[in-house]
Structures are given as C-alpha cells and as structure tokens.
Amino acid sequence: MNRRTFLKFAFAGVITMALTLVVGWWQVDGPGKSEQTGGRPVDLSEMEFRLTDHEGEDVGPKTLIGQPTMVFFGFTYCPDVCPTTLSDISGWLDDLGEEAEEMNVVFITVDPERDTVEAMAEYVGYFHPSIRGWTGPQEEIARAAQGFRARYKRVPTEGDDYTMDHTASVFLFNAAGLFTTIIDYHEPREFAVPKIRRALAEETEGVT
C-alpha cells in the first residue's frame with residue numbers, strides 16, 4: 001500500500017470515528033437522547049409528578065414518603081406480565097402479614113388513554129387490597145416514568161389496536177423515599193420477600 005492510499009484509509013477512519021462519537025453524543029447527552037433512559041431511579045423526594053389514585057385522590061411522589069414503597073408500571077389490558085406481577089405482589093403482601101399495612105404499594109398505568117380512574121379501581125380490586133392504582137395525563141405519566149427510570153412504548157397491533165411494552169420490574173424504596181433495590185419479573189418469593197423486609201427494617205432518620 002502506497003502512502004497516498006494509506007492516508008485515504010486513515011482519513012476515512014477518522015471521519016467514521018468522529019461521526020460515531022457525534023451520533024453517540026446526540027443519543028446519550030444531546031437533543032436526541034431518550035426521556036426514558038433507564039438506570040437507577042432517583043429518590044422520591046427528587047421526583048415531580050401529579051397523578052390520581054383509583055379513588056379519585058390527588059397523589060404524587062411526596063404521598064409515598066413516610067412508609068416503604070413498592071411501585072410497578074403496567075396497564076389493565078396487559079395479557080400476562082401485569083396480572084402475573086400483581087399476583088406475585090399480592091402473595092408477597094400475604095407473606096408479610098400485618099407488616100403489609102406499613103407499605104405503600106402502587107400500580108402506575110402506562111396506558112392512561114384506556115386506564116381511567118374507574119378502570120384502575122376495577123382492576124386493582126382483583127388483587128391485594130393494599131395495592132393502589134394511579135393514572136393521569138400522558139405527560140405526568142412520562143414524568144413519573146422518568147423519575148423511576150421505567151421504560152414504556154406503544155406498540156401497534158392488528159385492527160388499529162395497540163399494546164404497551166414496559167419495564168416489568170418492581171421498584172422498592174424505604175420509608176425515607178430512598179431507592180433500595182429492584183425486584184425482577186418472576187423473582188422467586190424466597191428472594192423477593194426478604195428484600196421487602198430489609199426495606200421495612202431500614203433506618204429512616206429524617207422521615208417526615
């Protein structure tokens with residue numbers, strides 16, 4: 001390979017690398033970054049969103065501070081992941097017994113177009129009575145998902161219908177509103193319940 005050809009290949013390599021870096025910046029830190037980035041949820045005290053629970057009460061992240069909290073994102077038309085997870089959560093709460101009364105347990109819809117207050121009330125009624133359903137405007141759902149670092153997207157199906165892809169994990173916070181851990185989808189009960197008990201037992205100095 002002569003010097004001229006080598007320089008051409010070297011120049012092309014530099015241009016390719018530069019374009020890769022620019023695209024990476026655009027998607028991660030620049031204007032093209034996703035609003036739902038994944039990663040570690042922020043603490044509840046740092047979140048800002050306003051929703052409505054299944055009894056028509058105004059709620060938000062500050063509502064949850066003062067008690068340990070479990071949060072799960074899903075939707076009432078979900079064919080398997082959501083009813084399975086809510087059934088699992090119901091089983092965990094049964095295992096906790098009276099300790100379950102010390103927890104906030106919240107199911108936040110990612111499909112507010114269909115999941116009205118009334119729909120959420122009917123749906124959560126099939127599961128443990130401690131589970132609360134939250135809904136609200138699309139922009140507030142997006143803000144909530146951003147705080148929890150939850151992902152979701154609308155997926156078209158046949159006949160102008162749609163379903164929702166979404167994060168299937170349960171987010172766990174202590175009473176001070178500090179993120180503690182995640183309980184994975186289908187995580188065995190013998191692992192999930194001890195995680196919840198640890199959140200219940202964590203020191204909560206400064207809780208208001």
If you compare all heavy atoms of [X] against all heavy atoms of [Y], which two are closest, and at what distance to 0.1 Å?
X      : Y      : value
Glu187 : Ala192 : OE2-N, 4.0 Å
His166 : Cys82  : NE2-SG, 3.4 Å
Phe49  : Pro61  : O-CD, 3.3 Å
Cys78  : Pro83  : O-CD, 3.6 Å
Pro112 : Gly136 : CB-O, 3.0 Å
Leu93  : Ser130 : CD1-CB, 4.1 Å

Nearest 0.5 Å, what's the [atom1]-[atom2] distance between [X] and [Y]?
X      : Y      : atom1 : atom2 : result
Phe75  : Asp165 : CZ    : CG    : 8.0 Å
Phe72  : Thr109 : CZ    : OG1   : 10.5 Å
Lys195 : Leu172 : NZ    : CG    : 8.5 Å
Tyr126 : Ile131 : OH    : CD1   : 14.0 Å
Glu113 : Met164 : CD    : CE    : 9.0 Å
Met47  : Leu44  : CE    : CG    : 5.0 Å

Student check: side-chain heavy atoms of [X] and [Y] closer than 4.5 Å:
X      : Y      : result
Ile108 : Leu51  : yes
Arg143 : Glu48  : yes
Trp92  : Met70  : yes
Leu86  : Ile89  : yes
Val155 : Lys153 : yes

Applying side chain to side chain donor-acceptor pair (under 3.5 Å) to Glu118 and not counting sequence neighbours gives Thr116
Aromatic rings Phe171 and Phe148: how do their planes relate, parallel, tilted or perpendicular, breaks at 30° and 60°?
tilted
Dump the intermediate steps for side-chain contact (heavy atoms from CB on, under 4.5 Å) on Thr52 and Asp58, then the final yes or no.
CA-CA 5 Å; Thr52 304; Asp58 293 336; 4.2 Å; yes
Per-pair distances, 0.1 Å, donor-acceptor, side chain in residues 176-186, under 3.5 Å, sequence neighbours excluded:
from: Thr180; atom 1: OG1; to: Asn174; atom 2: N; distance (Å): 3.3
from: Thr180; atom 1: OG1; to: Leu178; atom 2: O; distance (Å): 3.4

Anything under 3.5 Å between a donor and an acceptor, one on a side chain of residues 96-107, the other on a protein residue two or more places apart or in another chain? List them.
from: Glu99; atom 1: OE1; to: Arg197; atom 2: NH1; distance (Å): 2.3
from: Asn104; atom 1: ND2; to: Leu64; atom 2: O; distance (Å): 2.9
from: Asn104; atom 1: ND2; to: Thr69; atom 2: OG1; distance (Å): 3.1

Arg50, CZ atom: more than 12 neighbouring heavy atoms under 6.0 Å
no
Quick one, Val117 with Met120, criterion side-chain contact (heavy atoms from CB on, under 4.5 Å). Give me CA distance, side-chain angles, the key distance, then yes/no.
CA-CA 5 Å; Val117 169; Met120 294 294 280; 5.9 Å; no
Using a strict threshold of under 4.0 Å (side-chain N to carboxylate O), is an ion pair present between Asp88 and Arg189?
no
Pair Asp161 + Arg114, salt bridge at N-O below 4.0 Å
yes
Any chance the side chains of Thr135 and Asp115 put a donor and an acceptor closer than 3.5 Å?
no
Apply side-chain contact (heavy atoms from CB on, under 4.5 Å) to residues Asp94 and His128 and explain how you reach the verdict.
CA-CA 8 Å; Asp94 286 339; His128 194 282; 3.4 Å; yes
